[in-house]
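Structure first, commentary second.
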Amino acid sequence: MKRGKGEWRKGGKGTAQGKSLRTKHPFSLSSILPLFPLFPLLFFSFHVHDFHTSLTQMEFAAKSQTVEISIRMFTDDLETALTKENGGKPIQFGGPTKPDQVLERYVRKHFVMADSQRKPRPYTYIGYEQESDAHWVYLEMPAAGADTFRNVVIKQDILMDLFSDQVNLVNIQYNQQKKTVVFRNNQPVQAVSL
């Protein structure tokens with residue numbers, strides 16, 4: 001059945017049991033006017049997270065004989081860190097310029113995996129991807145056979161230069177073994193062995 005313009009608002013046929021879909025608002029402007037000064041505070045509280053954390057996934061890919069690394073960080077924290085890394089010149093994701101160069105430099109400074117002789121293992125920066133209020137950074141490192149995660153040292157102090165309460169979780173998966181290592185400001189470098 002075709003409806004004429006405005007028929008839904010007038011309560012004609014087709015509305016919920018002939019009743020108008022238009023309802024009276026429970027709040028008037030005068031009743032919510034005193035709350036206006038609180039709106040910025042409410043808005044701010046919904047968009048700020050109370051904890052500072054990152055998640056790093058390191059997984060051995062047998063087919064390519066590489067370690068696939070992904071690091072998840074809150075976007076607002078990462079933008080702050082990249083702006084600082086960029087000498088105070090603002091960095092924002094979704095802006096006109098891609099922040100890959102600054103992002104790669106920052107990650108290389110704060111995420112390192114070294115072998116048992118403390119020689120840093122090389123890795124390739126792949127790129128980044130946005131997910132809701134966070135960004136994933138992707139890296140790839142050649143595997144070192146059975147020594148891939150044997151007696152290695154990992155430095156994971158991303159965002160610790162900004163937040164004293166920063167906690168960085170690193171999940172490592174190699175063949176059938178799994179391990180989670182927690183990095184804090186007082187422990188940004190740790191020995192790991194699988």
Side-chain angles (χ1 to χ4, degrees), residues 48-88 91 93 98-194:
V48 174
H49 49 88
D50 293 330
F51 54 95
H52 300 104
T53 187
S54 78
L55 173 65
T56 302
Q57 304 277 14
M58 300 180 75
E59 188 171 342
F60 172 69
K63 195 173 187 177
S64 62
Q65 289 296 298
T66 60
V67 176
E68 296 173 348
I69 304 165
S70 52
I71 305 170
R72 183 184 187 275
M73 295 164 276
F74 285 110
T75 301
D76 57 341
D77 294 345
L78 183 55
E79 287 175 340
T80 302
L82 295 181
T83 296
K84 183 178 176 185
E85 179 71 22
N86 201 33
I91 296 277
F93 290 96
K98 297 259 184 190
D100 284 285
Q101 216 173 22
V102 178
L103 178 57
E104 180 180 357
R105 186 173 67 229
Y106 182 77
V107 170
R108 287 190 183 280
K109 221 185 252 188
H110 296 281
F111 177 79
V112 178
M113 184 165 134
D115 62 19
S116 56
Q117 283 77 44
R118 303 300 193 252
K119 181 183 175 190
R121 290 198 180 154
Y123 59 79
T124 304
Y125 170 82
I126 305 296
Y128 66 88
E129 179 179 43
Q130 184 171 357
E131 176 195 75
S132 185
D133 62 347
H135 270 75
W136 285 96
V137 175
Y138 300 107
L139 313 169
E140 190 175 72
M141 177 184 296
D147 290 334
T148 298
F149 289 106
R150 184 176 297 153
N151 299 320
V152 297
V153 175
I154 297 175
K155 171 186 171 183
Q156 179 25 322
D157 67 353
I158 279 180
L159 302 174
M160 287 183 188
D161 54 331
L162 294 179
F163 308 109
S164 60
D165 63 341
Q166 178 72 29
V167 175
N168 296 328
L169 301 173
V170 176
N171 293 331
I172 301 168
Q173 188 171 345
Y174 180 70
N175 295 331
Q176 303 301 318
Q177 300 174 48
K178 293 181 182 180
K179 187 170 196 166
T180 299
V181 185
V182 180
F183 293 79
R184 292 187 172 88
N185 253 314
N186 62 347
Q187 237 180 347
V189 179
Q190 295 190 51
V192 177
S193 195
L194 282 180

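Along the sequence shown, the residues carry numbers beginning at 1. Both backbone and side-chain heavy atoms feed into the values below; hydrogens, waters and symmetry mates do not.
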(message) Applying the side-chain contact (heavy atoms from CB on, under 4.5 Å) criterion to Met113, which one of Met141, Gln156, Lys155 satisfies it?
(response) Met141
(message) Please check this pair: side chain of Arg121 against backbone of Thr148, looking for a donor-acceptor N/O pair closer than 3.5 Å.
(response) yes
(message) Under the rule for ring-ring contact (aromatic ring centres under 6.0 Å, His included), what residues qualify as partners of Tyr128, not counting sequence neighbours?
(response) Phe93, His135
(request) Output all residues satisfying side chain to side chain donor-acceptor pair (under 3.5 Å) with Glu59, sequence neighbours left out; order by chain, then residue number. (result) none
(request) Could you list the residues that satisfy salt bridge (Lys or Arg N to Asp or Glu O under 4.0 Å) with Asp147, not counting sequence neighbours? (result) Arg150
(request) Decide side chain to side chain contact (heavy atoms under 4.5 Å, CB included) for His52 and Ser164; before the verdict, give the C-alpha distance in whole Å, the side-chain angles of both, and the deciding distance to 0.1 Å. (result) CA-CA 9 Å; His52 300 104; Ser164 60; over 6 Å; no
(message) If we ignore hydrogens and angles and just use 3.5 Å, is the side chain of Asn168 paired with the main-chain N or O of Ile158 as donor and acceptor?
(response) yes
(message) Checking Val182 now: which residues fulfil side-chain contact (heavy atoms from CB on, under 4.5 Å) with it, not counting sequence neighbours?
(response) Val167, Leu169, Arg184
(message) So, using side-chain contact (heavy atoms from CB on, under 4.5 Å) as the criterion, who are the partners of Glu131 when residues are at least two apart?
(response) Arg72, Trp136
(message) Pro142: which residues meet the side-chain contact (heavy atoms from CB on, under 4.5 Å) condition with it, sequence neighbours left out?
(response) none
(request) With sequence neighbours left out, write down each residue that passes side chain to side chain donor-acceptor pair (under 3.5 Å) with Thr180, or none if nothing qualifies. (result) Asn171
(request) Could you list the residues that satisfy salt bridge (Lys or Arg N to Asp or Glu O under 4.0 Å) with Arg108, not counting sequence neighbours? (result) Glu104
(message) Tyr174: which residues meet the ring-ring contact (aromatic ring centres under 6.0 Å, His included) condition with it, sequence neighbours left out?
(response) Phe60, Phe149
(request) Please confirm whether Phe74 and Phe51 have ring centers closer than 6.0 angstrom. (result) yes
(message) The criterion is side-chain contact (heavy atoms from CB on, under 4.5 Å); which residues satisfy it with Thr66, sequence neighbours excluded?
(response) Ala61, Ser64, Glu68, Glu140
(message) If the condition is salt bridge (Lys or Arg N to Asp or Glu O under 4.0 Å), which residues does Glu79 pass it with, not counting sequence neighbours?
(response) none
(message) Taking salt bridge (Lys or Arg N to Asp or Glu O under 4.0 Å) as the definition, give me every residue that meets it alongside Lys178, ordered by chain and number, with sequence neighbours left out.
(response) none
